[in-house]
Amino acid sequence: MTIFEGTFQLGGHPHFAIVISRFNDLISTKLLEGCQDCLRRHGIDPTPDGPQVDYAWVPGSFEVPLVAGQLAASGRYAAVICLGAVIRGQTPHFDYVAAEVTKGIASASMQTGVPIVYGILTADTMQQALERAGIKSNKGWDYALNAIEMASLMEKLHQAKPLPKS
Ligand code: INI
């Protein structure tokens, strides 16, 4: 039987899109830096005026799934990476935004068949978010790595020959 597994070296010049939420941009811009650093070190040119990565900025995480879904449906990208931060406040707003962005990204990925990486940090405090966006580690790096692995895996699945009819 076949074992399908993604790698971290992509052939050709695959295109990626990154959707970034401006809300809590102290965090999302740090995630973006980590994400770009990982792409660059895996041979993908992340420069905004370059040929390989397109960027879309949205007001908040709630708006991320719509834009990520449209980009994925365009068929132009090997993967779409979503970056944002939802931080708990004094009201239930956090729960609504976190739930919708999570469901929305999963649903857009399932509907389009394109990997859409869930790079939305959810944290109880700004301190927790900062620790994951550069102080201790930078999850943006991991999100880019997930995108590369999924792009590679999906390419292998697409190339697999259909099974013979029994
Ligand atoms: N958007 C975020 O990205 N993070 C948050 O923590 C957040 N909170 O808590 O309010 C947030 N709200 C804005 C929301 O994403 C929409 O942009 C807004 O509701 C307009 O649709």
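These numbers come from a predicted model, not from an experiment. Order of listing sets the numbers, starting from 1, for every ligand and every atom in it.
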Linked, directly or transitively: Ile18 and Tyr77 (ILVMFWY side chains, under 4.5 Å): no
With distance as the sole criterion, is a donor-acceptor pair present between the side chains of Gln111 and Ser107 under 3.5 Å? yes
Near ligand 1 (heavy atom, under 4.0 angstrom), the protein residues are Ser21, Phe23, Asn24, Gly60, Ser61, Phe62, Glu63, Ala85, Val86, Ile87, His93, Val97
With sequence neighbours excluded, tell me which residues meet side-chain contact (heavy atoms from CB on, under 4.5 Å) with Thr91. His93
Is a side-chain donor or acceptor of Ser152 paired with a backbone partner of Thr7 at a separation under 3.5 angstrom? yes
Do the side chain of Ser28 and the main chain of Ile20 share a donor and acceptor less than 3.5 angstrom apart? no
Any donor-acceptor pair under 3.5 Å linking the side chain of Ser74 with the backbone of Leu71? yes
